[in-house]
2 protein chains.
Amino acid sequence: MKELAQRLKEKNLKVTPQRLAIFQMLSKTEEHPSAETIYKSLETTHPTMSLATVYKTLDALKKVHLIQELNVGEDCFRYDANTNSHPHIVCISCHEVYDMDSIDLDDVRSKIQKETNFQLVDERLYFYGICPKCQNNKYPPA
Amino acid sequence: MKELAQRLKEKNLKVTPQRLAIFQMLSKTEEHPSAETIYKSLETTHPTMSLATVYKTLDALKKVHLIQELNVGEDCFRYDANTNSHPHIVCISCHEVYDMDSIDLDDVRSKIQKETNFQLVDERLYFYGICPKCQNNKYPPA
DNA sequence: ATAAATGCAAAACCTTTGCACGCCT
DNA sequence: AGGCGTGCAAAGGTTTTGCATTTAT
């Protein structure tokens, strides 16, 4: 945990128990939780923490690029502590979101850069489909 | 316009002036307007149309794949009558959203398919950067 | 000591819903 | 005629904001 505290300090963010808890939770999870989900998952260990603090913390972490915000097409945002640029793949049946770390996008990026003359700074790539688990499930959720 | 009416009919959607107006507006614009923007742009020609109708119409069009819904990371959705799968590029300075029709993504898709064993059905690719116009502008908006 | 972060409640905002009326087919 | 679509207003849900109090440095 010392490491996370260090990373907060480097960004001139005060190290509070709430921030540590949120950042740590996001760093450890494989999911890509929403603010609400983060709030609920911490309510036993941090019963006094408010939802507003979760939002404010996520905003602070986002601004210094310690986390990234995702929008998969739902009514709320999700958050990811993996700030390396990587596509996400979403199962439209069970709504799980997976990281796709090993896709090389340099060709695509340079093509886009050439065609648009944009100065590229960021990207969000979402793929949608049915995960192997749900393909084999005759009664998938929703 | 006959063409648009035809496309609505084929999807078993009743052809109403409101739906035509919204679909036509979306088909002609280069922007990727939000529901609010669509509503405002039609308020002179269709003063009685309500925002709820705009939302309901967009939902209906989306469900039959006559339009697609985008989320660029803002607090609201944007809509695009170009339903061919294509990446979008967003200027983080002026907030314009441009279509990128000519990027070939077959390699990326097949790689993702192989790695995940997902049955792919859709995708949303957003790139962010500074557009050529804003690169030359010393006083860009926001 | 000082500035920043928290927690609470209220507000803001986008989007959805219910229902009566009207229009399309 | 019948059902679907519209418009209005109210509700719903997520996110933001203001402010007093507490906390980190």
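Throughout, a chain's letter reflects where its sequence line sits, starting with A, and its residues are numbered from 1. Atom set for the values below is all heavy atoms of this structure, side chains included, hydrogens, waters and symmetry mates excluded.
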A.B. asks: Is a donor on one side and an acceptor on the other found under 3.5 Å between the side chain of A/Lys62 and the backbone of A/Gln68?
C.D. replies: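 Not confirmed, A/Lys62 side chain does not pair with A/Gln68 backbone.
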A.B. asks: With side chain to side chain donor-acceptor pair (under 3.5 Å) as the criterion, how do B/Glu31 and B/Thr37 come out once you've worked through the C-alpha distance, each side chain's angles and the decisive distance to 0.1 Å?
C.D. replies: CA-CA 10 Å; B/Glu31 300 172 56; B/Thr37 308; over 6 Å; no
A.B. asks: Taking all non-hydrogen atoms of both residues into account, name the closest pair between B/Tyr39 and B/Ser50 and its distance.
C.D. replies: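 Heavy atoms of B/Tyr39 and B/Ser50 come nearest at CE1-C, 3.7 Å.
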A.B. asks: With the threshold set at 4.0 Å, does a side-chain nitrogen-carboxylate oxygen contact exist between A/Glu123 and A/Arg109?
C.D. replies: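 Looking at A/Arg109 together with A/Glu123, the answer is yes, because their closest N to O distance falls below 4.0 Å.
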A.B. asks: Does any N or O donor sit under 3.5 Å from an N or O acceptor when you compare the side chain of B/Lys56 with the base of C/dG18?
C.D. replies: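 Checked by distance alone, the answer is yes.
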A.B. asks: Hey, does A/Thr53 reach any base, or is it just sugar-phosphate, or nothing, if we go heavy atoms under 4.0 Å?
C.D. replies: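 The residue A/Thr53 makes base contact.
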A.B. asks: Strictly below 4.0 Å: does B/Tyr55 bring a side-chain N or O up to OP1 or OP2 of C/dT15?
C.D. replies: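 For B/Tyr55, the contact criterion (side-chain N or O under 4.0 Å from OP1 or OP2 of C/dT15) is met.
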A.B. asks: A/Glu36 or A/Ala52: which one's nearest nucleotide on DNA chain D is closer to the 5' end?
C.D. replies: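 On the 5' side of the pair lies A/Glu36.
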A.B. asks: Could you tell me whether the phosphate oxygens of D/dT6, OP1 or OP2, come under 4.0 Å of any side-chain nitrogen or oxygen in B/Thr16?
C.D. replies: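 Indeed, a polar side-chain atom of B/Thr16 lies that close.
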A.B. asks: Reckon B/Thr48 has a side-chain N or O less than 4.0 Å from the OP1 or OP2 of D/dG7?
C.D. replies: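 So the side-chain polar atoms of B/Thr48 do come within 4.0 Å of the phosphate oxygens OP1 or OP2 of D/dG7, strictly under.
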A.B. asks: Closer to the 5' end of DNA chain C via nearest nucleotide, is it B/Pro17 or B/Phe77?
C.D. replies: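 With B/Pro17 and B/Phe77 compared, the 5'-side residue is B/Phe77.
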A.B. asks: Taking only N and O in the side chain of A/Gln18, is any of them less than 4.0 Å away from OP1 or OP2 of C/dG7?
C.D. replies: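 Yes, such a contact exists.
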